[in-house]
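Some notes on the structure that comes next.
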Amino acid sequence: RATVIYDRRLLIDVSKLSAAVENCGFEVPRPSKTGSAKRLETISIAVKGMTCSSCTSAVTEALARLDGVEKVNVRLNPGTAQLIYYPSQGRVANICQAIDDCGFEASWPAGSRRAGNKSPETV
């Protein structure tokens with residue numbers, strides 16, 4: 001058993017760290033702070049105001065630092081952020097807030113089950 005301590009501000013993609021450990025032949029258990037089921041979910045959030053690759057990089061880095069986020073894919077066109085995360089560790093409201101803190105506007109895509117709800121509590 002080993003514990004890895006790292007600076008989340010410097011490590012953008014936790015899955016790369018996990019892959020490096022697994023490539024050495026070790027198993028990496030997926031974290032669960034609450035002890036609940038270790039299931040991943042995928043969500044897509046609309047992001048308004050991004051105009052260039054620097055914008056997508058800023059949003060990607062901010063979201064990758066959040067607890068429970070395993071993978072982030074931010075696309076300039078159509079202006080979305082897709083995340084794979086552990087809902088037991090991270091709230092969607094925190095995800096939306098992280099995007100807003102970067103200077104952009106986060107909202108659920110039109111037609112989603114949470115459309116119109118900018119800061120949902122859970123998926």
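Bear in mind that the values here come from a model prediction, so they are computed numbers and not experimental data.
Within the 4.5 Å cutoff, no side-chain heavy atoms of Arg39 are placed close to those of Tyr86. Between Leu83 and Ile95 the shortest side-chain heavy-atom distance falls below 4.5 Å. Looking only at side-chain heavy atoms (C-beta outward), Met50 and Phe104 come within less than 4.5 Å of each other. Considering only heavy atoms from C-beta on, Gln82 comes within 4.5 Å of Thr42 through its side chain.
Of all heavy-atom pairs between Cys102 and Ala62, the closest is SG-CB, 3.5 Å. Counting all heavy atoms, side chain and backbone alike, Leu66 lies closest to Ala98 at CD1-CB, 4.0 Å. Ala106 and Asp100 get closest at one heavy-atom pair: N-OD1, 3.0 Å. In terms of heavy atoms, Ile99 sits closest to Glu105 at CG2-C, 4.4 Å. Residues Val74 and Ala81 share a closest heavy-atom pair of CG2-CB, 4.1 Å. Nearest heavy atoms, Ser44 versus Thr80: OG-CB, 4.1 Å.
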_Residues Arg75, Thr56; criterion side-chain contact (heavy atoms from CB on, under 4.5 Å); working and verdict_ = CA-CA 7 Å; Arg75 296 180 57 199; Thr56 59; over 6 Å; no
*Would Cys96 and Ile45 count as a side-chain contact (heavy atoms from CB on, under 4.5 Å) if you check the C-alpha gap in whole Å, the side-chain angles of each, and the deciding distance to 0.1 Å?*
CA-CA 8 Å; Cys96 290; Ile45 296 178; 4.0 Å; yes
